[in-house]
Amino acid sequence: MAKYLLLKHYRGGPAPVNDVPMDQWTPDELEAHFQFMRDFSARLEGTGEFVDGQALSPDGVWVRYDGEGRPPVTDGPFAETKDLIAGWMVIDVDSYERAIELAGELSAAPGARGEPIHEWLEVRPFLAEPPTVTE
Amino acid sequence: MTADDIELRGLAPQVLSVLVRRGADFATAEDAVQEALIRALSAWQDGAPSDPKGWLITVAWRAFIDLARSDAARRDRELRVEAEPPTALVPSADDTLRLYFLCAHPELTPSSAVALTLRAVGGLTTRQSARAYLVPEATMAQRISRAKRTVGRTGLDRPGDVRTVMRVLYLVFNEGYSGDVDLAAEAIRLTRQLAELAGDPEVDGLLALMLLHHARRPSRGRPDGGIVPLAEQDRSLWDTGLIAEGVAILQAALARDRMGEYQAQAAIAALHADAPRFEDTDWVQIVEWYDELLGFADTPVVRLNRAVAVGEADGAPAGLAALAEVDEDVPRRHAVAAHLHEKKGDLGLAAHLYAVAARNAPNLAERDHQTRQAARLNQLLRHRR
């Protein structure tokens with residue numbers, strides 16, 4: 001039993017396979033994609049592996065402290081969406097292998113021409129609580 | 001969670017086994033027992049009835065009839081169960097033991113077996129389990145109902161055995177998180193029940209192991225959640241009552257001469273508990289127990305922990321030699337390597353390895369601990385220059 005974060009990047013990953021922008025898909029292709037995502041989380045709820053998931057707006061901005069009495073500095077938003085996170089899902093599964101398997105399935109969401117988008121998903125294990133027995 | 005609540009939950013497996021014995025199907029009977037437990041919590045507020053178990057059996061049976069009726073009505077079928085039970089069956093130890101086996105059925109995944117055990121044997125509500133494991137209640141509910149379906153489909157013919165039950169209880173104990181429900185205490189309670197039912201020295205060994213680790217809990221964590229390593233723990237905080245109980249249970253188990261991995265692990269824990277100061281630890285005997293343990297469970301984790309013990313018993317070079325046989329990918333291996341190199345006096349390498357250990361740490365407390373170790377050595381090295 002371990003929790004993993006599945007991070008969906010807007011266009012992250014080494015090499016895109018089927019990266020036609022979503023606004024170029026047909027309405028039917030879009031609907032199929034949305035339905036796939038809904039079915040995926042519903043299925044994980046059914047298997048008792050779903051913890052949480054949210055989609056994020058691309059309008060991100062960078063913020064940092066700028067010294068005593070001064071307002072924080074902001075930078076952006078940027079047109080470059082390469083590093084932006086589109087959404088995330090938290091799963092609670094029995095093994096690392098299962099987390100990889102599920103991420104692989106999620107990456108097969110249909111895109112343009114109904115073909116899997118093959119998008120790269122980032123899988124990050126949670127830092128859990130320490131176990132009781134260590135020595 | 002009150003003492004009454006725990007006592008009430010202690011009756012859950014017996015009540016459930018009576019219902020199943022009377023012919024109720026496992027899944028519906030389990031829902032009915034939950035219903036009865038919830039009703040008891042409000043009905044018993046001004047005092048428990050004179051026969052709590054009888055009360056629960058009656059209420060659970062009625063709840064089962066209601067559930068079975070509505071189920072039957074839904075499926076438009078004749079109700080085949082009698083409204084009144086044929087005879088007032090007394091729960092038998094064998095039936096309750098079989099329930100443990102069922103909930104830890106080998107067909108279940110570890111998380112499903114844990115979920116079902118905590119509910120059907122432990123009497124925890126779905127919400128309590130969900131909170132303890134930090135998942136939504138709906139997710140935990142699905143886990144439990146899937147587990148019940150699996151068990152209902154395949155379980156009753158081949159109900160598993162005591163080994164699988166021990167693994168599940170050990171998982172619960174080792175979860176470590178203590179929130180609303182104290183999972184370690186819950187695991188101990190269920191293992192105690194199992195030990196009474198099973199009469200197996202290995203179950204006694206597991207119980208002793210849990211008690212001995214639980215006894216050290218007050219000294220193991222910092223108030224901020226950080227880890228205090230064994231060498232630095234304030235031993236005056238150890239629960240001597242629990243230690244004495246664990247040692248007595250272990251000795252009785254060992255006397256039966258049926259050794260196993262939990263007894264060997266408990267023996268190691270007992271030797272730690274027995275040392276008034278860290279320097280007094282009998283590392284030579286601990287190494288011997290690790291050698292014994294390897295005969296039952298030759299795992300990389302056991303070999304790693306053995307290397308630590310060898311380092312204390314025979315010096316850092318011997319520990320490093322033992323470590324060389326341990327698989328590179330084992331969690332905490334870098335932490336052990338760092339410790340042994342520090343002991344040997346190679347502070348530069350140790351600092352580097354602590355930093356690597358921090359990067360690979362499987363939990364936050366461990367990461368912070370290893371980062372502190374690296375920082376401590378790096379500061380020392382800066383002062384030396």
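A, B, ... follow the sequence lines: proteins, then strands. Residue 1 opens every chain.
- At least one side-chain heavy atom of Lys3(A) sits under 4.5 Å from a side-chain heavy atom of Leu134(B).
- Heavy-atom neighbours of Phe278(B) CZ from other residues, nucleotides or ligands within 6.0 Å: above the threshold of 12.
- Between Thr47(A) and Gln142(B) the shortest side-chain heavy-atom distance does not fall below 4.5 Å.
- Contact tally against chain A (heavy-atom pairs below 4.5 Å) for Ala309(B), Ser145(B), Ser111(B): the top residue is Ser111(B).
- Within the 4.5 Å cutoff, the side chain of Ser95(A) has no heavy atoms near those of the Thr109(B) side chain.
- Open room surrounds CZ on Arg70(A); 12 or fewer heavy atoms of other groups in view lie less than 6.0 Å from it.
- Within the 4.5 Å cutoff, no side-chain heavy atoms of Val135(B) are placed close to those of Glu49(A).
- In terms of heavy atoms, Ala128(A) sits closest to Asn363(B) at O-CB, 2.7 Å.
- For Ala115(B), no part lies under 4.5 angstrom from a heavy atom of chain A.
- Formation of a donor-acceptor pair under 3.5 Å by the Thr139(B) side chain with backbone atoms of Val51(A) is not found in this model.
- If you measure heavy-atom distances from Pro110(B) to chain A, the contacts under 4.5 Å come from both the backbone and the side chain.
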Q.
As a quick check of understanding, evaluate side-chain contact (heavy atoms from CB on, under 4.5 Å) for Asp92(A) and Arg143(B), giving each step before the final call.
A. CA-CA 11 Å; Asp92(A) 187 30; Arg143(B) 236 177 242 182; 2.8 Å; yes
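- Heavy atoms from other residues, nucleotides or ligands lying under 6.0 Å from CZ of Arg43(A) number more than 12.
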Q. Would Glu366(B) and Leu127(A) count as a side-chain contact (heavy atoms from CB on, under 4.5 Å) if you check the C-alpha gap in whole Å, the side-chain angles of each, and the deciding distance to 0.1 Å?
A. CA-CA 9 Å; Glu366(B) 172 84 14; Leu127(A) 285 176; over 6 Å; no
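- Counting heavy atoms of neighbouring residues, nucleotides and ligands inside a 6.0 Å radius, atom CZ of Arg127(B) does not exceed 12 of them.
- Residue Val302(B) does not touch chain A at all, counting heavy-atom pairs closer than 4.5 Å.
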